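Reckoned from all heavy atoms, side chains included, excluding hydrogens, waters and symmetry mates. The shown structure was predicted, so the numbers you read here are calculated from the model rather than taken from an experiment.
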Amino acid sequence: MRTRKTMAAIAALMLLGSMITIAPAAVMATTAGTTRHVPLAGTGSPTTGDHPDSGSGLALQDEFPSGDSEEGPDPYTGTISFSTGTGGSPSATGGKKAKSNPTFKFGFEGLNHFQQRYSRGGNQFSVEPPDQGMCAGNGDVVEVVNDVFNVYSQSTGASLLPDNTATNIVSGFPTNVNHAVDLNSFLGYAPAINRSTGIRGQFVTDPSCIFDAQTQRWFLVALTLEVVPTTGAFTHVNHLDLAVSQTSDPTGGWNIYRIDVTNDGTNTGGANPGPYLGDYPHLGADANGVYLTTNAYPWCCNGFSGAQIYALSKSQLAAGAASVTMQHIDTSGMVNAPSEAGSTQPGFTLWPSQSPGTTQFASANNGTEYFMSSNAGDEAQKPVSGAAGTRTSNQLIVWTLSNTASLNGVPNVGLSNKIRTVGQYGVPPKQQQPGSGSPPTTDVPQGFCINDTTTPTIAGIGCWRLLFVGEPAHNEVISRPDSNDTRMQQVMYANGKLWGSLDTALNPDGGPQRAGVEWFIVNPSAGSIVKQGYLGATGFDFTYPAIGVTASGRGIIAFTATGDTVNPSAAYAPIDANAGVGAWNVVTGGAGAAQDDGFTSYKSQVGNPPRTRWGDYGAAAVDGNSIWIASEYIAHACTYPDWGGRFFGASTGDNKLGTCAASPGAAGTRSALANWSTRISKFTP
């Protein structure tokens with residue numbers, strides 16, 4: 001399947017608990033949607049549901065929920081360069097004073113893989129990468145990653161959810177997951193897997209959230225896939241679960257609306273027949289509506305069936321209405337650019353905009369919501385066959401959804417788009433991290449363990465025995481993490497402008513190709529590019545950007561930075577419409593402590609070649625004059641003896657392999673199979 005998360009199954013026995021010209025406007029005729037009504041499906045809260053103890057910790061199987069052998073796209077092979085090595089803008093005019101000058105205020109580690117795996121009594125899967133949802137308001141920060149959820153105090157970083165350690169029994173011990181609650185519980189589903197019976201619950205993925213200051217409500221969306229309980233096989237039925245807080249307090253009750261997306265897509269002359277997967281959902285809002293978008297992929301075959309938009313009445317959602325009015329629009333064939341399907345392309349990854357505060361919404365045309373997208377992806381250029389396109393483009397698509405106030409009565413929204421010429425972008429290469437391509441050292445314990453044939457363990461000689469039934473090839477190397485493709489990332493509408501960014505190949509200072517960022521500031525009403533440029537640096541890779549911008553036009557780009565000598569770190573750079581992007585830095589407290597050591601890095605775990613999953617997306621949120629950012633990084637190092645612990649014959653450590661916890665039930669820094677974490681930081685720009 002084409003979800004952006006790796007879910008590889010293995011037969012394993014776990015002994016562990018830029019200068020720009022404006023192109024002539026290409027404007028598609030306004031397209032209206034079809035009206036549907038979405039009933040209230042139920043309520044939920046961030047409280048852990050019933051679950052069994054996950055067992056003795058001596059033998060666990062089924063660490064991964066399903067199979068996904070999809071490889072990432074090959075990188076663009078040309079050269080994309082810019083004038084400075086620290087992220088200057090080719091379109092910037094020198095001497096302009098920066099408006100944004102971020103000051104770091106506070107930061108803390110957010111959700112990590114240990115909490116992902118061991119919440120709800122350990123009845124969870126090992127999943128990577130972390131899909132990073134984060135939103136902020138009213139003194140709170142909500143974070144939702146993969147299928148775990150937490151709420152933090154903006155002043156202390158402490159979890160505001162009830163302490164569930166005493167009832168979170170994993171391998172016989174109460175286990176500290178920093179109060180995290182699994183999304184299956186939050187949305188009212190059975191555990192992801194019942195480790196006493198092997199029965200599977202719904203698979204929840206790709207979450208994101210926003211806080212809407214106008215209605216004082218929190219909105220969270222996730223994609224839920226129905227499964228066969230006994231096998232975990234996907235039934236092809238899938239829906240968006242939209243949760244809306246009942247009050248301004250995210251720790252209280254939420255209303256849940258389920259939008260079936262199984263049959264939402266375009267059958268292109270029989271080449272892309274349904275049912276479809278509503279992949280990669282994201283959300284935004286204007287004064288009148290809440291907007292969800294997906295990418296529709298046919299389950300049957302390799303192809304793409306168009307980005308989908310779901311426009312819902314915000315006031316009805318905020319009031320907890322028993323039925324909410326929604327318009328659904330399929331963007332297939334709406335981009336006036338050639339593709340394999342003909343003279344037009346489908347929209348791909350339309351990211352809806354969100355706005356800070358209560359006064360920044362676009363009011364023209366009886367209410368307007370903006371989106372942005374790119375079209376270098378195979379999905380846009382080759383949507384029928386799924387074969388490779390050029391994987392590069394110099395076009396930015398700006399979308400306008402008008403008459404959004406009609407969502408409060410008889411819905412009649414209209415969608416149009418304009419194509420603008422921007423600096424070239426292309427699919428980036430994979431990231432580099434220290435040691436990439438060389439055998440793992442003991443500082444990369446899972447990789448070292450797979451290669452290890454000499455260490456005594458409770459399962460016999462050779463650490464590999466702790467992870468596999470059959471002996472693997474002992475030829476693993478330190479990986480090069482995934483760098484995304486060129487799909488649009490988080491979009492904001494603030495200070496009368498649209499702000500967005502995407503991942504691209506870059507050749508900083510005319511040197512070797514690396515992963516970098518292209519950013520855009522657009523005046524959507526005038527149809528012009530205000531400023532755009534690139535962000536990259538020699539010897540570094542920047543990936544998965546997210547932009548937050550205050551009402552006054554001061555912004556920050558958050559991203560992950562890796563490098564030849566720098567472990568995966570949480571980083572940022574200022575952005576504004578005067579000076580463009582400024583010098584980048586690693587976030588205070590966000591320096592990477594080790595290399596990535598996740599299971600998707602290794603051939604013996606996921607097949608050859610492996611695709612080391614990273615990011616999927618980061619997040620930024622604006623609360624008043626503050627911007628909160630969140631990115632993936634490696635927060636902790638773990639020695640090989642501590643990773644092995646009691647399984648290497650020690651008398652101390654956890655009874656679950658690879659958590660690096662001091663004792664059974666203590667908070668771990670990772671699991672045996674992955675070491676990702678997330679960093680949440682507050683800035684005043």
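Using modelled atom types and a 3.5 Å distance limit, the side chains of Thr400 and Ser402 yield no donor-acceptor pair. His239 and Asp241 form a side-chain donor-acceptor contact under 3.5 Å, judged by distance and modelled atom types alone. With hydrogens and angles left out, the side-chain atoms of Asn295 and Thr349 include a donor and acceptor closer than 3.5 Å. Between the side chains of Asp623 and Gln154, at least one donor-acceptor pair of N or O atoms lies under 3.5 Å. Asp249 and Thr247 form no side-chain donor-acceptor contact under 3.5 Å, judged by distance and modelled atom types alone. Of the N and O atoms on the side chains of Ser315 and Ser313, at least one donor lies less than 3.5 Å from an acceptor on the other residue. Between the side chains of Thr404 and Asp286, at least one donor N or O lies within less than 3.5 Å of an accepting N or O. Between the side chains of Asn366 and Asn403, at least one donor N or O sits under 3.5 Å from an acceptor N or O. Remark: the Thr293 side chain and the Gln308 side chain contain no N/O donor-acceptor pair separated by less than 3.5 Å. One side chain, Glu226 or Gln202, offers a donor N or O that lies under 3.5 Å from an acceptor on the other. Looking only at atom types and distance, the side chain of Ser393 has a donor-acceptor partner in the side chain of Asn375 under 3.5 Å away.
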Exercise. Please assess Arg391 against Gln381 for the test side chain to side chain contact (heavy atoms under 4.5 Å, CB included), listing each intermediate value before the final yes or no.
Key: CA-CA 8 Å; Arg391 293 178 175 169; Gln381 297 184 6; over 6 Å; no
Practice problem: Take Arg120 and Asp182, measure what salt bridge (charged side-chain N to carboxylate O under 4.0 Å, His left out) needs, and give me the verdict at the end. | Solution: CA-CA 6 Å; Arg120 200 164 186 175; Asp182 66 296; 3.1 Å; yes
Quiz item: How far apart are the C-alpha atoms of Trp519 and Val581, what are their side-chain angles, what is the distance that settles it, and do they pass the side chain to side chain contact (heavy atoms under 4.5 Å, CB included) test?
Solution: CA-CA 9 Å; Trp519 52 268; Val581 164; 3.2 Å; yes
Practice problem: Please assess Leu40 against Ile256 for the test side chain to side chain contact (heavy atoms under 4.5 Å, CB included), listing each intermediate value before the final yes or no. | Solution: CA-CA 6 Å; Leu40 177 66; Ile256 300 171; 5.6 Å; no
Quiz item: After noting the C-alpha distance and the side-chain angles of Tyr276 and Tyr297, does the key distance pass the side chain to side chain contact (heavy atoms under 4.5 Å, CB included) rule?
Solution: CA-CA 5 Å; Tyr276 304 104; Tyr297 291 93; over 6 Å; no
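Separating the OG atom in Ser343 from the CG atom in Asn336 is a distance of 7.0 Å, to the nearest 0.5 Å. Atom OG of Ser525 sits about 4.0 Å away from atom CG of Asn523, to the nearest 0.5 Å. Put simply, CD on Gln246 and CH2 on Trp218 are 15.5 Å apart, with the number rounded to the nearest 0.5 Å. Of the inter-residue distances, the one linking Glu379 atom CD with Ser373 atom OG reads 12.0 Å to the nearest 0.5 angstrom. Between the CG atom of Asp140 and the OH atom of Tyr152 there is a distance of 12.5 Å, given to the nearest 0.5 Å. Atom CG of Asn238 sits about 9.0 Å away from atom CG of Asn263, to the nearest 0.5 Å.
Of the possible donor and acceptor atoms, one in the side chain of Tyr425 sits under 3.5 Å from a partner among the backbone N and O of Gln395. The backbone N or O of Thr268 sits nowhere less than 3.5 Å from a side-chain atom of Thr266 that would complete a donor-acceptor pair. Side-chain N or O atoms of Asn272 include one that pairs as donor or acceptor with a backbone N or O of Phe304 at under 3.5 Å.
Between Gln316 and Thr325, the closest heavy-atom pair is OE1-N, 2.8 Å. For the residue pair Thr294 and Pro281, the shortest heavy atom distance occurs at CG2-CB, 4.2 Å. Residue Gly253 comes nearest to Ser45 through the heavy atom pair CA-CB, 4.5 Å, listed as atom of the first residue, atom of the second, then distance. The two residues Gln327 and Val413 have their closest heavy-atom pair at OE1-N, 2.8 Å. Taking each heavy atom of Leu350 and Ala307 in turn, the nearest pair found is CD1-CB, 3.8 Å. Nearest heavy atoms, Pro129 versus Glu632: CB-OE1, 4.4 Å.
Relative ring orientation between Phe149 and Phe186 is described as parallel, the plane-to-plane angle staying below 30° on a 0-90° scale split at 30° and 60°. Using bins of under 30°, 30° to 60° and over 60° for the plane-to-plane angle, the ring pair Phe371/Tyr291 lands in the perpendicular bin.
A ring-centre distance under 6.0 Å is found for Tyr493 and Tyr370.
At least one test fails for Arg217 against the ring of Phe211: distance under 6.0 Å to the centre or angle within 45° of the axis.
Residues Gln490 and Tyr544 fail the side-chain proximity criterion, which asks for heavy atoms closer than 4.5 Å. At a threshold of 4.5 Å between non-hydrogen side-chain atoms, the residues Phe234 and Trp299 count as touching.
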